[in-house]
Amino acid sequence: MRPIKKSRANAGETLVEVVASIFIFLILMGILQGAITYSSNSLKKNKEIEVTMQKSWKHCRIQK
């Protein structure tokens, strides 16, 4: 019995696999974008808090 030869026409991915891969890629890109947005907003808020703390420290009587 000879082994079954695979044809090159059926060697590639199916449309369902391609669409699923694109869908998963887009979901991961959305997660990455959300993480970057969250990080940027957190950094901006942190800088605002730092400026506020510096201003309040100038008005404090107990300074080193």
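All of these numbers come straight from a predicted model, not from anything done at the bench.
Note that CG of L43 and OH of Y38 are 12.0 Å apart. Values are rounded to the nearest 0.5 Å. The structure places CG of L32 at 9.0 Å from OG1 of T37, a figure rounded to the nearest 0.5 Å.
The cluster map of Ile, Leu, Val, Met, Phe, Trp and Tyr, joined by side-chain heavy atoms under 4.5 Å apart, puts L26 and V18 in the same cluster. F23 is connected to I31 through a chain of hydrophobic side-chain contacts under 4.5 Å among Ile, Leu, Val, Met, Phe, Trp and Tyr, so both are in one cluster.
Taking 4.5 Å as the limit, some side-chain heavy atom of L28 sits within range of a side-chain heavy atom of I24.
In this structure, E17 places its CD atom where more than 12 heavy-atom neighbours from other residues, nucleotides or ligands lie under 6.0 Å away.
Put simply, the residue from K55, E48, K47 that forms a side-chain contact (heavy atoms from CB on, under 4.5 Å) with V51 is K55.
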